[in-house]
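Let me begin by presenting the structure, written as structure tokens, before commenting on it.
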Amino acid sequence: TALPICNTKAEYLDLARTLPDYCSVSFPHCACDARKQGHVIVSVSLNHIKLQACTTEGILEEQVHTFPWEMIKTCEADLEETAFCFQYEKKSKERWVRVFSDYYEYMNECVGRVLEEIKWKEKDATLPVSSSSSSKSKASKPSKRKPIKYEDDGEDL
């Protein structure tokens, strides 16, 4: 289907923001400590961070985990591990996830940008983001510290 003609930037943005993957960035498949075998495809969007399970060759598998922004406590780029790391809370348990990718710093920058967009939305209510989004988590500058390890509860992605 053809997109309608937009006469102004505001109309264009209003239309673009209705598209399913607006402000979403997906990265090539990579290793992740949440998977015992296989890789994940990481997507960062206005609503969440998504981990799509795949094989080590990048063939998609059925399992998908989404982490809404209100569930995410902190994010960082770990220089020593060359990993993008985030901590989330689910059922009163905090866990760290490490994604080992050549794009770990860019992932962290994308998270920072999304959080900025969410703040804009909260400020002027012009950006359509799901009501579950929040800006209480923060992307941080790359660190040299190792992320906190969590106990394995046997739940594989």
Q | ring pair (Phe, Tyr, Trp, His ring centres under 6.0 Å) partners for Y103, two or more places apart | A | none
Provide the closest heavy-atom pair for [X] versus [Y] in the form atom of the first, atom of the second, distance.
| X | Y | answer |
| --- | --- | --- |
| V111 | C75 | CG1-SG, 3.9 Å |
| C32 | V40 | CB-CG2, 3.6 Å |
| G38 | T56 | CA-CG2, 4.0 Å |
| H29 | G58 | CD2-CA, 3.4 Å |
| I49 | W69 | CG1-CH2, 3.6 Å |
| L79 | E105 | CD2-OE2, 3.9 Å |

Distance in Å, [X] [atom1] paired with [Y] [atom2], rounded so as to fall on 0.5 Å steps:
| X | Y | atom1 | atom2 | value |
| --- | --- | --- | --- | --- |
| H39 | E61 | NE2 | CD | 11.0 Å |
| R113 | I118 | CZ | CD1 | 11.5 Å |
| Q63 | C54 | CD | SG | 11.5 Å |
| R35 | C30 | CZ | SG | 11.5 Å |
| F86 | W96 | CZ | CH2 | 10.0 Å |
| F27 | S101 | CZ | OG | 7.5 Å |

Q | Heavy-atom donor-acceptor pair, D33 side chain to V97 backbone, under 3.5 Å | A | no
(Q) Apply side-chain contact (heavy atoms from CB on, under 4.5 Å) to residues M107 and V99 and explain how you reach the verdict. (A) CA-CA 10 Å; M107 288 178 190; V99 178; 4.0 Å; yes
Q | Lys/Arg N to Asp/Glu carboxylate O, K121 vs E116, below 4.0 Å | A | no
Q. Between E94 and K73, is there a side-chain N and carboxylate O pair less than 4.0 Å apart?
A. no
Q: Would you check, one step at a time, whether the test side-chain contact (heavy atoms from CB on, under 4.5 Å) holds for K90 with R95?
A: CA-CA 8 Å; K90 183 178 181 181; R95 301 182 77 192; over 6 Å; no
Q.
Counting only heavy atoms not in Y106 (residues, nucleotides, ligands), do more than 12 fall under 6.0 Å from its OH?
A.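 Counting other residues, nucleotides and ligands, OH of Y106 stays at 12 neighbours or fewer.
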Q) Sequence neighbours excluded, which residues qualify as side-chain contact (heavy atoms from CB on, under 4.5 Å) partners of T66? A)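 Checked T66 against side-chain contact (heavy atoms from CB on, under 4.5 Å); matches are H48, K50, V64.
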Q: Report the C-alpha separation of E122 and K119 in whole Å, then their side-chain angles, then the decisive distance to 0.1 Å, and conclude whether the salt bridge (charged side-chain N to carboxylate O under 4.0 Å, His left out) test is met.
A: CA-CA 5 Å; E122 290 171 349; K119 284 179 188 175; over 6 Å; no
**Q.** Other cluster members, L60 - Ile/Leu/Val/Met/Phe/Trp/Tyr, side-chain contacts below 4.5 Å
**A.**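 Other cluster members: I41.
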Q. With no hydrogens and no angle check, do the side chains of S24 and S45 hold a donor and an acceptor under 3.5 Å apart?
A.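 Per modelled atom types, S24 and S45 side chains form no pair under 3.5 Å.
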Q. Are Y104 and F100 grouped together when hydrophobic residues (ILVMFWY) are joined by side-chain heavy atoms under 4.5 angstrom apart?
A.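 Not linked; separate clusters.
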